[in-house]
Every structure is written in C-alpha cells, then in structure tokens.
Amino acid sequence: MPASGARPVAHDPVRCAFMSHEAHITRFAPSPTGYLHLGNARTAFFNFLAARAGGGCLVLRIEDTDAGRSEEHLLAQLLEDLRWLGLEWDEGPDVGGPHAPYRQSERGEQYSAAIATLKQKGLVYPCFCTPEELQLSRRAQLAAGRPPRYAGTCTRLPDAEVAARVAAGQSPAMRFRVPPGRGGEFDDRIHGPQRFATDDIGDFVVTRADGSAAFFLSNAIDDAAMGVTLVLRGDDHLANTPRQILLLEALGLPIPRYGHLPLLLGPSGSPLSKREGAAGLHELREQGYLPSALCNYLVRLGHACGTDDWLEAADMPAHFHLERTSRSAARFDEAQLRHWQREAVGHASAGELVAWLGSRLERLGSAARIDAFVAAVRGNLLFPDDAVPLVAIVCDDGVRPDAEAAAAIENAGAEFFRTAAREWSSSAGDFKAWTRSVGTATGQKGAALFRPLRAALTGLTHGPELAPLVALMGAARVESRLAAAAERAGGKSRE
RNA sequence: GCUCCCAUCGUCUAGAGGCCCAGGACACAGCCCUCUCAAGGCUGGUACGAGGGUUCGAAUCCCUCUGGGAGCGCCA
C-alpha cells in the first residue's frame, strides 16, 4: 500500500498522463448515525479502489452535523469496520491531514464563511416559513399535480420586516436563490452527460434555523476545500448534484467530477435498508465472514473486474476500472458471498485461521495441536462455529452418533468393531497400517470400511479426512469409541 | 404529480451493428473422482421486458410503452 499522505504523485499531471489509471482524490463521507450496510461499504470500497488504482488518495470525512444522533462509539465502530474491511485512508479524523478538521461538527467557520460570501452576493435570503407551513404548501402542490417546490413566500421580504421578525425572536433559515431560466450540465463518470434546468429546482435551505449548515452546502464545500477531484457516491445523489454544482459555482469553488454508483438491492430486490439485517457489514463480520471474502464479492458487485478468480487485496486496485462500473442496481446474493467465503478460507494463512477461530481452539491446548487441527479441518470450515463440533470430536470423551452414523454402526455389526479394536492395539497408532489390517481382517474396503470407522470415531458420516483427526484424538479415545460402537451394534442386533 | 436514472440466465456479469440461435462465474441438476463432506473434472437447463422503427443485418442505434428506483426535506 502507498504510504499515508503520498499525494505528490497524484498531483503530477505529466506523470498521470502516462498512467493507465487517473490519480483521483476521492472521499468517503459517512454520517455516524448507525452501522454501515453493504451498500455504504461498497461505496467506501470503490472510493478506496479508485484512489489506489491511480496513485491518488482517499479522504475520510465524517458528516456528523446531526449532533444529537451522532455518537462517539458509533464513529469508533465505523472506523473499525472500515479498517477491518481493509480500507486505508490518507486523511481523516483519526489520521489527520492538511485539510483538518475532518468532522463537519468542527468545521462551522468554513460554512459561516461560505454563507457570508453568498449573502454578500445576494444569493441567499432568510426564510421564516415554519416546517408546518412548508409541509402544508408541499401537500397542496402535490394535490394540484405540481412538483412540490418552495413556494417563494420569503423570497423578497423587505429588510425592515426581516429585522422586525428577528427582533421578535424568530430565527430564519437561509435559502439559496436558484437562478431562474438557466440550464446546466455535468459529465457523470458512470452515467455520462447529464443536463438539468434550474427551473426544476426550488430554492433550497442552506442554513438551518439554528444556524447550522445543511447537507447540500457542507457536503459540497467540503469536497472543494479538501481538494476532492472525484466524488463516487450513491445514485440517490444524482438528482441532487445540480444543486451542489450551483452552489459551488456561486462560491467560485472547483467542481469535482461526480460518479453515481447504482444502488445495492436487498435479497428481495428492494433497496437495502438498515432493517435488512443480513446486509449489515457488522452482522456479516459477526457471522464470521472474512474481510477478504467481502472484498472479493464487492469488487464484482456492480463492477466487471475482469476475472472470476480469487484476488488478493493488494491486486484489487489494478483490477478496478471506473468505466467498468455498472449503471444498474445490483442485488445482494448471499450464495455468491458464501462462494467467496469458501475461497477466502482456502486462501487464508494458518495464522489467519487461528486468529479467526479464536477461543474455539482453546481446548486443543498446545500450539502444535492447534496447528495440526487447523490443517486437518480447514477444508471443512466456512464459518468459525463450524470448528466447534470438530473440536469436540478431538477433545470430548465420548461421541454421540447422529442418526446416519448410528445406522452405519449398527449396519457394520459388533464384530467389525471388535476386530478394529484388536487391530488397533497391534498397529501402534499407524492409521494407514491400521485401516489396511482392519480391511484385511474384515474383508471390507472402501466406503464399507471407512464409513463405519468414521461413524464410530466421530459420530458423523461426513467430515474431514480421518487420519489426522485420529492422530489428534489419541489412542484412548479411539479405543473407547470402538468399544462403544461394538456395544451399540451388538445391543441393537440382539433386539 | 413533475424531473431524472435503470432494464441480458434465479443472481453477478461479458457483449460498445455482423465473431452471439448470446460467453463466464455463482446457484441448481446429473455423472466422474474419492473413506465421507468439501474441492476438482465433465455434462445439462434457464436470459437479451414489450412493441415499433433505422439497417442487407440489432442484445447492441432511435421512439413509445411497461416495470423498477431515486429526487423534489430546516435527513444525510
């Protein structure tokens, strides 16, 4: 990964011209009001990839202007989840940077300055309309079949009236005066050229009655102030972009490039919401999904990354191409995620798996036993909890066969297990030699030989390769389980 | 209601007028391999939303419709 704050390369136009990827300054700007869902996570990830692909950088900005709802622990959680996913940002609230602060709650002065400029230019006016009045007006317009836009009640209040109402204790919101009769355009990096007419846009609030900056303003001017060159965000902002462009133009600030990513849909095909539990990044993490699985899934969700093969995190930026991004919504499909989870487990190092399995391995005791266990069972794990019954096979005293295993045991008969026990004592714990001699002595081979042994030893008819499991469980368990199987088979056959 | 966005297998996608009676991956089904499961190998079914154009030729271009979504907030 490029070093933090490695920005010089990104700004060198000559250098950029020779690179296949553009160097973008991208940003992710979440508000810490809840857990990240997969859609946001993907937006963050794409911004990260777009930045890394061209040697640019990623800015993390926290939009915590909704002071009441933003909680400190949610912010910490957010940062942790992003890091867990493997994202790294070059500037942000925790790492600092040249455009600090990175929390909007601390950027009040910047917004005040912008408002002052707007006021000076006469592009903004105080609005005393109450939420109730606005609501009413909106409803009336809708009922009349008109677009619900600001009716213009306060557009031209005389200075005297404004002064009087302020003196009377009313505090106005500030609205941006949208220039009438104009057109505009911008080139969306994903959707292509977009046109808009200012007559379709009503005057919008730029400062709330309490003096705080509203989203359109804070978001747009922070992008400009932080040198962001590419804004990758959800499709739901496409129709908002003209307002931000108007604002930026009015302030004489640079307008970034915009790219609007299609929304992510839940399994049902409706937009992802906080309620669709399975799609929360944190929930997926708690279920045991590995970050590398998530990343491999996400690079292909709404993006043609060009390969169906497993990608290591370090190789992902090179496989990311903005122009390969889909314009239509993509659906979250857990079956597909599970596939990448399987791959992820397969590609993980032994150390990673040990950490992933955590306390579930405690009963194994020594590090050597843990390593041997992980090597033996890794092919049978999809989630950490899958290890629990396998640990039990190795560490529990007895084993309770499931229905299929019980049937297999009864089928083999008591004599089979008495023979197996006899051969075990003379094979000195050599699994191969043991099964070979059991086969010879009983005349069984293949499934007829291994299935009952597996059933007796593990209580299951499926599972990891038997040999390493047997080595891990030790001679005493093998002996007692063979005896138990003989008893079960004998008892049943007599009934 | 108005403005805007989107539309290929069940899902993710390839496809930028002939290479496509549409390819890959996941999922599903069958077979093979195998001590079982998983993996792997092979095989199979399933898609260009509808209707009009343009063209010698359209999944690809244009129009209409249909369906889905977003925006029109003192939410972000």
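So that the names make sense, note that chain A is the first sequence line, chain B the second, and so on, each numbered from 1.
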J.: Where along residues 176-198 of chain A does a heavy atom come under 4.0 Å from RNA chain B, residue by residue in number order?
T.: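 Of all residues in residues 176-198 of chain A, the ones placing a heavy atom under 4.0 Å from RNA chain B are A:His191, A:Gln194.
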J.: For nucleotides B:rU46 and B:rU3, find the distance between their P atoms and express it as a whole number of Å.
T.: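 To the nearest whole Å, 41 Å.
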J.: Using the C1' atoms only, state how far B:rU64 lies from B:rA7, rounded to an integer number of Å.
T.: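 Taking atom C1' in both B:rA7 and B:rU64, they lie 15 Å apart.
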J.: Are the aromatic ring centres of A:Phe216 and A:Phe204 under 6.0 angstrom apart?
T.: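 Under 6.0 Å, so yes.
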J.: Using the C1' atoms only, state how far B:rA47 lies from B:rC62, rounded to an integer number of Å.
T.: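 Straight-line distance between the two C1' atoms is 24 Å.
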J.: Of the options B:rA14, B:rA38, B:rA76, whose atoms approach the side-chain atoms of A:Ser31 most closely?
T.: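 Given the options B:rA14, B:rA38, B:rA76, the side chain of A:Ser31 is closest to B:rA76.
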J.: To the side chain of A:Phe215, which of B:rC6, B:rA76, B:rC35 is closest?
T.: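 Of all the options, the side chain of A:Phe215 is nearest to B:rA76.
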J.: Distance check, P atoms only: B:rC65 and B:rG1, in whole angstrom units.
T.: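 Here B:rC65 and B:rG1 have their P atoms 13 Å from each other.
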J.: Using a 4.0 Å heavy-atom cut-off to protein, can you give one letter per nucleotide of nucleotides 62-74 of chain B, 5' to 3': B if the base is in contact, S if only the sugar-phosphate is, - if neither?
T.: -------SSSBSB
J.: Determine the Euclidean distance between corresponding C1' atoms of B:rC5 and B:rG10; express it in Å to zero decimal places.
T.: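 After rounding to an integer number of Å, I get 25 Å for this pair.
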J.: Taking B:rG67 as the reference, what is the distance to B:rG41 when you measure between their P atoms (whole Å, please)?
T.: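 Those two atoms are separated by 44 Å.
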J.: May I ask you to say what A:Leu466 touches in the nucleic acid, namely base, sugar-phosphate or nothing, with a heavy-atom cut-off under 4.0 Å?
T.: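 A:Leu466: base contact, heavy atoms under 4.0 Å.
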J.: Quick check on B:rA14: is either OP1 or OP2 less than 4.0 Å from any side-chain nitrogen or oxygen of A:Arg300?
T.: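 Answer no for this pair, as no side-chain N or O of A:Arg300 is under 4.0 Å from OP1 or OP2.
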J.: For the residue pair A:Arg42 and A:Phe46, would you count it as a cation-pi contact if the rule is NZ or CZ under 6.0 angstrom from the ring centre and within 45 degrees of the ring axis?
T.: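 So A:Arg42 does make the cation-pi contact.
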J.: Please determine if A:Glu249 and A:Arg182 form a salt bridge, counting it only when a charged side-chain N lies under 4.0 Å from a carboxylate O.
T.: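 A salt bridge is present here (some side-chain N lies under 4.0 Å from a carboxylate O).
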J.: When the aromatic ring centroids of A:Phe215 and A:His237 are compared, is their separation below 6.0 Å?
T.: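 Judged by ring-centre distance (under 6.0 Å), A:Phe215 and A:His237 do meet the cut-off.
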